[in-house]
Amino acid sequence: MGLAKNVGVCNMNVQLLHELCAGNPFSMPSLLQCESHPYLQQDGLINYCRMQGIQFQAYSPLGYGEFKGDTEISPVLDEVIKEIAAKHSVS
């Protein structure tokens, strides 16, 4: 055993994460960080993480902000998300 208590991984799909977990059953990652937002919800990946006891951490939960390209959709500008934010008095 090494000195690290927990190891996290990022940007893995279900197949890659399954291969990692199956190949290292005694050294499972404790966290998976992956892009997730209203337009990319990652339901299958999140469910797999739950089944394996792996914490899922979203990055870009509201899209890309100032780094968004001209053709990319911004979840923050979506009317439904604006309505939800207004209902909760947040922006």
ask   = Linking I/L/V/M/F/W/Y whenever any side-chain heavy atoms sit under 4.5 Å apart, do Met12 and Met51 land together?
value = yes

ask   = Which heavy atom of Cys10 sits nearest a heavy atom of Leu32, and at what distance?
value = CA-CD1, 4.0 Å

query = Roughly how far, to the nearest 0.5 Å, is the CG atom of Leu45 from the SG atom of Cys34?
reply = 5.5 Å

message = Are Leu17 and Ile54 packed together at the side-chain level, in the sense that at least one heavy-atom pair is separated by less than 4.5 angstrom?
response = yes

inquiry  = Suppose we screen for side-chain hydrogen bond (donor to acceptor under 3.5 Å, both in side chains). Which residues come up paired with Gln52, at least two apart in sequence or across chains?
reply    = none

inquiry  = Please tell me whether Leu31 and Tyr59 are part of a single hydrophobic cluster in this structure, the criterion being side-chain heavy atoms less than 4.5 Å apart.
reply    = no

message = My understanding is that only residues two or more places apart in sequence, or in another chain, count here; which of them pass side-chain hydrogen bond (donor to acceptor under 3.5 Å, both in side chains) with Glu83?
response = none

Residues 19-28 side chain polar contacts: donor-acceptor under 3.5 Å, at least two apart:
unit_1: Glu19; atom_1: OE2; unit_2: Gln15; atom_2: NE2; d: 3.2
unit_1: Asn24; atom_1: ND2; unit_2: Leu20; atom_2: O; d: 3.2

query = Roughly how far, to the nearest 0.5 Å, is CD of Gln41 from CD of Glu35?
reply = 12.5 Å

remark   = Hits for side-chain hydrogen bond (donor to acceptor under 3.5 Å, both in side chains) against Asp78, two or more places apart or cross-chain, chain-then-number order -> Tyr39

inquiry  = Do Phe56 and Val14 sit in one hydrophobic cluster, given that two such residues count as connected whenever their side-chain heavy atoms are within less than 4.5 Å of each other, even indirectly?
reply    = yes

query = Taking only residues two or more places apart in sequence, or in another chain, which ones meet Gln33 in a side-chain hydrogen bond (donor to acceptor under 3.5 Å, both in side chains)?
reply = Gln57

